[in-house]
Number of protein chains: 4
Amino acid sequence: MEFKKKSTIYQQIVDFVAEQILTGVFPVESKIASVREMAAKMGVNPNTIMRSYTQMQEEGIIYNKRGVGFFVSTDAPIFIKRKLRDDFIKDELPEMIKKMKLLEIDFDEFEKMYER
Amino acid sequence: MEFKKKSTIYQQIVDFVAEQILTGVFPVESKIASVREMAAKMGVNPNTIMRSYTQMQEEGIIYNKRGVGFFVSTDAPIFIKRKLRDDFIKDELPEMIKKMKLLEIDFDEFEKMYER
Amino acid sequence: MEFKKKSTIYQQIVDFVAEQILTGVFPVESKIASVREMAAKMGVNPNTIMRSYTQMQEEGIIYNKRGVGFFVSTDAPIFIKRKLRDDFIKDELPEMIKKMKLLEIDFDEFEKMYER
Amino acid sequence: MEFKKKSTIYQQIVDFVAEQILTGVFPVESKIASVREMAAKMGVNPNTIMRSYTQMQEEGIIYNKRGVGFFVSTDAPIFIKRKLRDDFIKDELPEMIKKMKLLEIDFDEFEKMYER
DNA sequence: GTGGTCTAGACCACC
DNA sequence: GTGGTCTAGACCACA
């Protein structure tokens, strides 16, 4: 896998796994790759994978069975969506609104397109 | 100058010159670099520059004085802003609206942020 | 094909193709010769044909199917007629009127011939 | 002088001399080049020039003084204008009207431009 | 195969 | 000097 420099690698792995879950590639309640497997697959250090999994566990997206592995939480899609939603509102939306005002795009114009 | 692969070179030059005009680096009614000069400066073939200049001329951003060179139109900033605006509405806005609906972001929520 | 020096080659090709369309030699919605074919047929460089085709595409006379070729637009005859009409009014008509005034040809005289 | 193939040479010489008279290069009542002089200047046979001069004489544009040469008639400009006028009405005008009807150019549209 | 882009270099008309 | 046109050939993405 290729990583971009604008974000940390462990964060990009979190985003990648979250996307796999949302699209159903990693189904709810299924086991995901072990830390060592994922590290080999991604070509990164196992410690980096561990950091990603730990964060996802704290966010309630995955959970751990001792001696077995990590599993996708039942509510994982909900948590992921909520997180994406919050990030979007915090980062992308303000930037876009700023751009709209700069280009003098009317609010009504936006409303028209939204309703369609 | 470095060019990205995601767009054609002649289009990136158009965007570059347009930005220089908007920021005032190339003032209205001033002469811009000749085709050959700009080609040398950018490290591309004069034909490529000619293509950029011809397109900008058709868009009313620059105009030509026979045997003298290309000049920035008085209304260039207006034309450029209008073009950026149209592109935003055509490309970025629909993508963003699609994302908002996917993430179930309410329209009122957007309105609140916009008014602020 | 022979080209006259009074106009550019690519423009003469545009005029030629437009005439073929008007007379029905190139029917509406039919595929026209590919860039390379037309270049060989006309004895000019493919780039020159490309320039002609691009201009006609911008004028709405032909359109492009990716990887297939260029096709005559349904409204091509309308666009071509409108263009011929505009060119006539812009170029030939003023010249003729100038000549009529020089030769002191009465307006009524013209009207008589027109009504017939 | 270069001659076009669409008309006879002697006729083109008539047109040329007529134009010189109208523009004042050959003033009224002045002597024009002798047949031999004009033949040498034009690079054609003297017989051809003679044919041109004879026709112009019949049209009243020039007249002959025995042993002296050809002179521009006092009324030459009037005759020339009248002839150009008749030719225009007979040849060019009908062709133009035909073209206008083909391109569906309204009569009122013409009137507007004429009045201006 | 198709169009589309780009380079390298040439010649021209105009000022 | 300026833009404008044209040639010859190359490489690319797409279908």
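Values reported hereafter were calculated over all heavy atoms of this structure, with side chains retained and with hydrogens, waters and symmetry mates removed. All chains are named by letter (A, B, ...) in the order of the sequence lines, taking the proteins before the strands, and each is independently numbered beginning at 1.
- Counting to the nearest Å, the P atom of E:dT2 and the CE atom of C:Met50 are 13 Å from each other.
- Along DNA chain E, the nucleotide nearest B:Gln11 and the nucleotide nearest C:Ala33 are compared for position; the residue whose nucleotide lies closer to the 5' end is C:Ala33.
- Two residues are said to be in side-chain contact when any heavy atoms from C-beta on lie closer than 4.5 Å; C:Val28 and C:Pro77 meet this criterion.
- Residues C:Ile13 and C:Phe3 meet the side-chain proximity criterion, which asks for heavy atoms closer than 4.5 Å.
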Tabulated below should be each protein N or O lying under 3.5 Å from an N or O of nucleotides 10-15 of chain E; please produce it.
none

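- The interatomic distance linking C:Asn45 (CG) with E:dG9 (P) rounds to 17 Å, in whole Å.
- Applying the 4.0 Å criterion to OP1 and OP2 of E:dC6, one finds that B:Thr48 has every side-chain N and O outside that range.
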All N/O donor-acceptor pairs, side-chain side in residues 16-27 of chain A, below 3.5 Å, sequence neighbours left out:
| from | atom 1 | to | atom 2 | distance (Å) |
| --- | --- | --- | --- | --- |
| A:Thr23 | OG1 | A:Glu19 | O | 2.9 |
| A:Thr23 | OG1 | A:Gln20 | O | 3.2 |

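- Distance, B:Lys5 NZ to F:dA13 P: 10 Å, rounded to whole Å.
- The CE atom of A:Met56 lies 9.0 Å from the CG atom of A:Asp15; values are rounded to the nearest 0.5 Å.
- If you find the closest nucleotide of DNA chain E to B:Gly43 and to C:Thr54, the one lying nearer the 5' end belongs to C:Thr54.
- Rounded to an integer number of Å, the gap from C:Met56 CE to E:dG4 P is 14 Å.
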Can you give me every donor-acceptor pair (side chain of residues 91-98 of chain C, partner residue at least two apart or in another chain, under 3.5 Å) with its distance?
| from | atom 1 | to | atom 2 | distance (Å) |
| --- | --- | --- | --- | --- |
| C:Glu92 | OE1 | D:Lys99 | NZ | 3.3 |
| C:Glu92 | OE2 | D:Lys99 | NZ | 2.8 |

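- C:Tyr53 places its OH atom 11 Å from the P atom of E:dT2, with the value rounded to the nearest Å.
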Side-chain donor-acceptor contacts of residues 33-47 of chain B below 3.5 Å, not counting sequence neighbours, with atom names and distances?
| from | atom 1 | to | atom 2 | distance (Å) |
| --- | --- | --- | --- | --- |
| B:Ser34 | OG | B:Glu37 | N | 3.1 |
| B:Glu37 | OE1 | B:Ser34 | N | 3.3 |
| B:Asn45 | OD1 | B:Asn47 | N | 2.8 |

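- Look at CD1 on B:Ile9: it is 13 Å from P on F:dC12, rounded to the nearest Å.
- Between B:Tyr10 and E:dT5 there is a side-chain polar atom (N or O) within less than 4.0 angstrom of OP1 or OP2.
- The distance between atom CZ of C:Phe3 and atom P of F:dT5, rounded to the nearest whole Å, is 15 Å.
- Rounded to an integer number of Å, the gap from CE of C:Met42 to P of F:dT7 is 12 Å.
- Each of C:Leu84, C:Asp87, C:Ile89 was scored for a side chain to side chain contact (heavy atoms under 4.5 Å, CB included) with D:Leu103, with one residue passing: C:Leu84.
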Show the atom names and distances, to 0.1 Å, of all donor-acceptor pairs under 3.5 Å that link a side chain in residues 57-65 of chain B to residues at least two apart or in another chain.
| from | atom 1 | to | atom 2 | distance (Å) |
| --- | --- | --- | --- | --- |
| B:Glu59 | OE2 | B:Gln55 | NE2 | 3.2 |
| B:Glu59 | OE2 | B:Lys83 | NZ | 3.4 |
| B:Tyr63 | OH | B:Glu29 | OE1 | 2.6 |

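- Each of E:dG4, E:dT7, F:dG4 was ranked by its minimum atom distance to the side chain of C:Phe70; first place goes to E:dG4.
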Annotated structure of DNA chain E as dot-bracket, pair cut-off 3.5 Å, Watson-Crick or G-U only, | for inter-strand, is ||||||||||||||.
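- A heavy-atom distance below 4.5 Å is not found between the side chains of C:Val14 and C:Tyr53.
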